[in-house]
Amino acid sequence: MVNYMANKNRKYFPIFVNLSDKKVVVVGAGTIAKRRIRALVDFTDHLFVIAPEVNPELHTLEGAGRLTILRKKYDKEDICGAVMVIAATNDNRLNQEIYTDCKEMGVPVNVCNDKTRCDFYFPVLAYNDPIVVGVNSAGRDAAGSKRVAAQIREMLQKPEESAQSVSDKESEKTTQPAPVTEPAANPAKTANKTIRIFTDGAARGNPDGPGGYGVVLQYTDAAGALHEKELSQGYIKTTNNRMELMAAIVGLEALNRPCEVELYSDSQYLINAFNQHWLDGWIKRNWMRNKTDPVKNVDLWKRLLAAAGPHRITWHWVKGHDGHPENERCDRLATSAADGGDLIEDVVQYVVS
């Protein structure tokens, strides 16, 4: 019998482990499982999800080469060779079975709905490469952990502001640059002009048909007047993903000075690359999704990073074809461009570095 009181106030030692080439298994694909998966995808190239059914978000991660989904019921053989296992199903009996299998095989396990069956706890993460911070309360103060992690994230994202509040000069010297989505030498830090950019891409007969992008830029001046600009272009032969990227590129390249940007798109391919730090991983792996599969559309990703560099951008995902006025407007621009007569070639710029 587990002595719960003996475990209740136990402290867990924080340790940072290289999981990049280690097998990690998550059994389940519900809400809690997704949280664990989001925390893990940036740290391992061998993340396996075991579940009969998964949601679109995990499909997207799979398509980007971030994880492997085994669409099946759990079997003991699934955890062979794993260095850690997360049991996150809605079936308590199955979670117990996974726990028993892991203890028998000597694999550390975390049962998400049972604190007494956790060899380790998941921290709330805050990171800005190369700094990684994990905040954990061993399940006793989840809200407090989230609050502290949020404060640390803000410090990491604004290193020059945080340094002013630190009296230790050595701490100032070790402040690290921001990730690729927000360069440290970012002139937009001091810009106060906020631009809203709405984007969409379309392709007919994807990936072998014509396509187009649509962009709406909006700016509200000090007097409250709304200024707008529409951009669109059609291509002879392209793909939906390339048009989604082109829409964002063209919108950002239209800005003639550093701005605060709120960019909206219905493309998870685009938005998740920044918000879930896919790009950081791709760049570290020299534009490889994993050890064998190269990243697609590298020419446009590099162009997009260059266009994003001068600005401070918040990337927003919106559900497509769901009545969002500007998204619907961009969709009409994109499809009209794809169906129009002024089509140009989508020339892929092959890059080697």
Begin from the C-alpha positions of V111 and Q96 and carry the test side chain to side chain contact (heavy atoms under 4.5 Å, CB included) through to its verdict.
CA-CA 8 Å; V111 179; Q96 174 61 47; over 6 Å; no

What do the steps show when you test L47 against T68 for side chain to side chain contact (heavy atoms under 4.5 Å, CB included), and what is the final call?
CA-CA 6 Å; L47 179 59; T68 299; over 6 Å; no

Just do the salt bridge (charged side-chain N to carboxylate O under 4.0 Å, His left out) check on R242 and D299 with the steps written out, would you?
CA-CA 10 Å; R242 288 185 67 81; D299 60 325; 3.0 Å; yes

V49 and I37: CA distance, side-chain angles, deciding distance, side chain to side chain contact (heavy atoms under 4.5 Å, CB included) verdict
CA-CA 8 Å; V49 177; I37 291 165; 3.6 Å; yes

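Relative ring orientation between W315 and F274 is described as parallel, the plane-to-plane angle staying below 30° on a 0-90° scale split at 30° and 60°.
Inter-residue side-chain proximity for T314 and V261 is flagged as unmet; no heavy-atom pair is nearer than 4.5 Å. V24 is listed as a side-chain neighbour of I86, based on a closest heavy-atom distance under 4.5 Å. The shortest side-chain heavy-atom distance between I98 and T100 does not fall under the 4.5 Å cut-off. Side chains of V83 and V107 form no contact here, defined as non-hydrogen atoms less than 4.5 Å apart. Between L333 and V216 the shortest side-chain heavy-atom distance falls below 4.5 Å. Using a 4.5 Å heavy-atom cutoff, the side chains of V26 and I50 are not in contact.
In summary, the side chains of N110 and D119 do not present any donor paired with an acceptor at a separation below 3.5 Å, with no hydrogens or angles considered. Between the side chains of N272 and N275, no donor N or O sits under 3.5 Å from an acceptor N or O. For the residue pair N241 / T239, no side-chain donor-acceptor distance below 3.5 Å is found, with atom types taken as modelled. Counted by atom type alone, H324 and N327 present zero donor-acceptor pairs between their side chains at under 3.5 Å. For the residue pair R204 / T335, no side-chain donor-acceptor distance below 3.5 Å is found, with atom types taken as modelled.
Interatomic distance, CD of Q218 versus OG1 of T220, reported as 7.0 Å (0.5 Å rounding). We find the CD-SG distance between E97 and C102 to be 10.5 Å, quoted to the nearest 0.5 Å. The distance from the CG atom of D331 to the CD atom of E326 is 13.0 Å, given to the nearest 0.5 Å. Once rounded to the nearest 0.5 Å, the distance linking CG of N240 with OG of S267 reads 7.0 Å. Note: L263 CG to I271 CD1 = 6.0 Å, rounded to the nearest 0.5 Å. Once rounded to the nearest 0.5 Å, the distance linking CG of L252 with CD1 of I195 reads 10.5 Å.
With respect to D45, the side chain to side chain donor-acceptor pair (under 3.5 Å) criterion is satisfied by exactly one of K22, K23, K291, R285: R285.
Qualifying ring pair (Phe, Tyr, Trp, His ring centres under 6.0 Å) partners for W301, counting only residues two or more places apart in sequence or in other chains: Y269, W282. Judged as a side chain to side chain donor-acceptor pair (under 3.5 Å), and not counting sequence neighbours, the contacts of H227 are D221. With sequence neighbours excluded, no residue satisfies salt bridge (charged side-chain N to carboxylate O under 4.0 Å, His left out) with D91. Partners of F48 according to the ring pair (Phe, Tyr, Trp, His ring centres under 6.0 Å) rule, which considers only residues two or more places apart in sequence or in another chain, do not exist here. For R332, the salt bridge (charged side-chain N to carboxylate O under 4.0 Å, His left out) criterion is met by no residue, not counting sequence neighbours. Not a single salt bridge (charged side-chain N to carboxylate O under 4.0 Å, His left out) links E328 to another residue, sequence neighbours left out. When the ring pair (Phe, Tyr, Trp, His ring centres under 6.0 Å) test is applied to H316, the partners found at least two apart in sequence or on another chain are Y264. Contacts of E262 classified as salt bridge (charged side-chain N to carboxylate O under 4.0 Å, His left out), with partners at least two apart in sequence or in another chain: none. Considering only residues two or more places apart in sequence or on other chains, E104 meets the side chain to side chain donor-acceptor pair (under 3.5 Å) condition with K76.
Relative to the ring axis of F122, R36 places its NZ or CZ within 45° and under 6.0 Å from the centre.
Counting side-chain heavy-atom gaps under 4.5 Å among Ile, Leu, Val, Met, Phe, Trp and Tyr, V124 is found in no cluster with other residues.
Counting only residues at least two apart or in different chains, salt bridge (Lys or Arg N to Asp or Glu O under 4.0 Å) contacts with residues 225-238 comprise E228-R329, E230-R329. Note on residues 67-86: no pairs pass ring pair (Phe, Tyr, Trp, His ring centres under 6.0 Å), not counting sequence neighbours.
Put simply, M288 and V348 are part of two different groups of oily side chains (I, L, V, M, F, W, Y) that touch within less than 4.5 Å, one to the next.
R71 and E62 are joined by a salt bridge, as a carboxylate oxygen and a charged side-chain nitrogen come within less than 4.0 angstrom of each other.
In this structure, D339 places its CG atom where more than 12 heavy-atom neighbours from other residues, nucleotides or ligands lie under 6.0 Å away.
Scanning both residues, L231 and A254, for their nearest heavy atoms gives CD1-CB, 4.0 Å. The shortest non-hydrogen separation linking Y213 to M243 is CB-O, 3.6 Å.
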